[in-house]
2 protein chains.
Amino acid sequence: MSPGLPTQMGERDDSANRCSPMRTDVRPMETREPLGRVARLHYQHGMTHQEIGELLGFSRVKVTRMLAEARRAGIVEIHIHGEATPFGELEAELTGAFGLAGAWIAPSFSDPERSLASVGMAGAECLTALAPTVRTVAVGLSSSVAAIVAHLRPQEQLPELGFVPLAGSWGGASRGMSPHELVIGFGAAFGARTYHLPAPILAKTADAATAFAADPGVRQTLRLAAGAELLIAGVGAVEAGSGMLADTLTERERGQLTKRGAVGDISARFFDSVGSAVESTVDERVVGMSLRALARIPRRVAVGFGDQKITALRAALRTGLMNHLVTDVDTARTLLRTTRKGN
Amino acid sequence: MSPGLPTQMGERDDSANRCSPMRTDVRPMETREPLGRVARLHYQHGMTHQEIGELLGFSRVKVTRMLAEARRAGIVEIHIHGEATPFGELEAELTGAFGLAGAWIAPSFSDPERSLASVGMAGAECLTALAPTVRTVAVGLSSSVAAIVAHLRPQEQLPELGFVPLAGSWGGASRGMSPHELVIGFGAAFGARTYHLPAPILAKTADAATAFAADPGVRQTLRLAAGAELLIAGVGAVEAGSGMLADTLTERERGQLTKRGAVGDISARFFDSVGSAVESTVDERVVGMSLRALARIPRRVAVGFGDQKITALRAALRTGLMNHLVTDVDTARTLLRTTRKGN
DNA sequence: CTCTCCACTGAACATATGTGCACTACATCG
DNA sequence: CGATGTAGTGCACATATGTTCAGTGGAGAG
């Protein structure tokens, strides 16, 4: 905390403002101040919502909402000292069993929304831990990675850091799920640079993909991504219903992929159970980094959870295609169980 | 947060240990680790006590208690960004009306215990803000100052800082209220040096007091205190029942003091309504810093609250004897109200 | 000027958290 | 060996918090 006296009203701590670009609703300081007051009365002085309401002339419910808003906006930050992690042993087992350089495990919930949020939280921890050690982060598009953005708290600013998408974007409405939004969200949280890949992730034809890839802007971004020291991407399954890409494929394409041994994908690049790229009519239409290039990035974080993704995750980890993992505890246990027993 | 991977089990973050000397019960890391896990599951992942209990095999109540312990031990730290203070306008009014350099106001409660804790909290904020700007802090003994110790969280370590008592100590059992305990508590929180004054605060006779004051250890400590850049002390009233010192005086002594215009004391030095020292049979028995020496310390923080202390506080502030204030909102309002209207 | 929309409110309900108390298990002392 | 203390437990209750929903008023469009 700044050592300024509390009554020096002219001189405000602008740390909240500094971080606010990442928030969707930037409000004037005026609006935020009562939140800080309420937060102090509750968290420091231990007053109940009721008491604060009576003191300041709000209803209890309003105080509850102000406190929720204060947490959401990052005015209230809860820090847990020490690095005891809830599933430490399991993380150690996983890193041992798969030769990983790191694993972050979140609790599982029956509500998939909640599990997603929880994994997003773990992913945010992972990114917070690794980002300060690198200059460029390549970002793959997936709902799990998108969930990370919402859980990044204002933190250490890294103006030298850059976030680069691994591949192009889907057309149409994106619902918070375009690579642009991901990269911008990450960038804002770290005060970092962002880059964009001006092309679709899946072109209409192989020729179109080739043409797109020849575009100077696209080439430049892809070159930058290839030089990244950290990759964070979702791992997708081939089955329908397991993710954006899988749902886009026709039955025929899916059939071709399966026949050729594909078990999963990273940023639209399908791989088989030994971690090799699977060539296909899909693959040649992708505008994005190749599996080979991707595997040259030193730190590669796989994010994913759920039974559907087990096979894909196991292959990505066992073959060394990915060397870090962010997942939930159910998935982690299943991975360990089904992998130890032969397979 | 340290960028270490969560699975690097060998390399622990010892920040918790570094701060633990100030805690009364230092436990092995082993014991603390489950607290960190539970804390993360609750505060980061938003699991309820019930859910955490089911997951880890504790009862719900036990989880509640573990979380309370984690907060108490400083494993969980709640930080509020921005320096909006709950009673900012009132603080500004006070600093204006009394020409103070700073004011910290805590909420009031009908339960005096709670008020004391709350003022302690505000005092901790004050000390945390001011301590890093000085080398030596002179500490007066009072229950309000003692309450600060309990609210100092592990924080910035200032090994060059020193805490020095203003006066000697009471004989007999101290119940956490000796200058030694205060100074040690402050010192531990800041990782600072502590000094002691080997003498009673109130000697049996004036001669005895002179003898004590001549002791090299006593002189050395008092000289150190006189050179402090920051003073933090309670302000006491003359009436019986308003504090340790007042309760110790005989009716006769109290009468003498009142007749000579005493309205309050700082560390056993009584002053009148214009801020001058009141000579008395009590005063000459005190082993401690004189009012004159005390007033030469540039930053002088008065801590105190309650109707009984209004007169004493008003005098100490109006006369410039003290130039910072830590109090509760009721006292602050009364001070403003009764001071504006003439008086 | 009236209608519609929308953001905001608090009452009532649902859930989560905190605490006094009686009980247990184990250690210490006579 | 029993008596006595002490720390830890969870139940049941008391309190605090969070959420849903049906109003409410004010801004902007028609």
Side-chain angles (χ1 to χ4, degrees), chain A residues 23-28 30-78 80 86 107-111 113-115 117-118 121 150-151, chain B residues 23-28 30-78 80 86 107-111 113-115 117-118 121 150-151:
Chain A
R23 301 288 143 209
T24 48
D25 56 333
V26 180
R27 303 202 203 173
E30 210 57 20
T31 313
R32 316 187 62 159
E33 201 190 284
L35 299 187
R37 298 185 165 202
V38 169
R40 278 191 206 284
L41 289 172
H42 184 68
Y43 288 108
Q44 295 191 332
H45 294 282
M47 293 175 78
T48 69
H49 299 187
Q50 184 77 55
E51 288 171 328
I52 296 169
E54 283 161 13
L55 182 67
L56 301 184
F58 301 123
S59 77
R60 182 188 70 75
V61 178
K62 169 128 197 179
V63 173
T64 302
R65 285 177 181 137
M66 292 172 82
L67 284 167
E69 170 64 13
R71 275 176 309 216
R72 201 200 56 71
I75 293 172
V76 172
E77 197 184 343
I78 300 179
I80 291 131
S108 301
F109 298 93
S110 53
D111 173 3
E113 284 296 316
R114 231 180 134 191
S115 284
S118 194
M121 177 83 241
H151 292 276
Chain B
R23 301 289 143 209
T24 48
D25 56 333
V26 180
R27 303 204 203 171
E30 208 58 20
T31 313
R32 316 186 63 158
E33 202 191 283
L35 298 188
R37 297 185 165 201
V38 168
R40 278 190 206 282
L41 289 172
H42 184 67
Y43 289 107
Q44 295 190 332
H45 295 282
M47 293 176 77
T48 68
H49 300 186
Q50 184 77 56
E51 288 172 327
I52 296 169
E54 283 162 12
L55 181 68
L56 300 184
F58 301 123
S59 77
R60 182 187 70 76
V61 177
K62 168 129 197 176
V63 173
T64 301
R65 285 176 181 140
M66 291 172 83
L67 284 167
E69 169 65 13
R71 274 177 309 217
R72 202 200 55 71
I75 293 173
V76 172
E77 197 184 342
I78 300 181
I80 291 131
S108 301
F109 299 93
S110 55
D111 174 3
E113 284 294 316
R114 231 181 134 189
S115 284
S118 195
M121 178 81 241
H151 293 275

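Chain letters run A, B, ... following the sequence lines, proteins first, then strands; residues in each count from 1.
- The distance between atom OH of Y43(A) and atom P of dA16(D), rounded to the nearest whole Å, is 16 Å.
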CA sep, side-chain torsions, deciding dist, call: K62(B), E69(B), salt bridge (charged side-chain N to carboxylate O under 4.0 Å, His left out) = CA-CA 10 Å; K62(B) 168 129 197 176; E69(B) 169 65 13; over 6 Å; no

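- Side-chain contact check for L56(A) versus L41(A): some heavy-atom pair is nearer than 4.5 Å.
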Atom pairs, protein N/O to nucleotides 9-12 of chain D N/O, distance under 3.5 Å:
residue : atom : partner : partner atom : Å
dT9(D)  : OP1  : K62(B)  : NZ           : 2.8
dT9(D)  : OP2  : K62(B)  : NZ           : 3.2
dG10(D) : OP2  : S59(B)  : OG           : 2.7
dG10(D) : N7   : R65(B)  : NH1          : 2.9
dG10(D) : O6   : R65(B)  : NH2          : 2.8

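- At least one side-chain heavy atom of Y43(A) sits less than 4.5 Å from a side-chain heavy atom of R71(A).
- What separates NE2 of H42(A) from C1' of dT17(C) is a distance of 11 Å, to the nearest Å.
- Within the 4.5 Å cutoff, the side chain of H49(B) has heavy atoms near those of the L67(B) side chain.
- Atom-to-atom, CD of Q50(B) to C1' of dT17(C) comes out at 11 Å; the value is rounded to the nearest Å.
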task = Please lay out, stage by stage, how E51(B) and R60(B) fare under the test salt bridge (charged side-chain N to carboxylate O under 4.0 Å, His left out).
result = CA-CA 8 Å; E51(B) 288 172 327; R60(B) 182 187 70 76; over 6 Å; no

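- In this structure, M66(B) places its CE atom 14 Å from P of dG18(C), rounding to the nearest Å.
- Distance, E69(B) CD to dA7(D) C1': 13 Å, rounded to whole Å.
- Between M121(B) and Q44(A) the shortest side-chain heavy-atom distance falls below 4.5 Å.
- Contact between the side-chain N/O atoms of H49(A) and the OP1/OP2 oxygens of dA16(D) is not found at any separation under 4.0 Å.
- What separates CD1 of I52(A) from P of dG10(C) is a distance of 15 Å, to the nearest Å.
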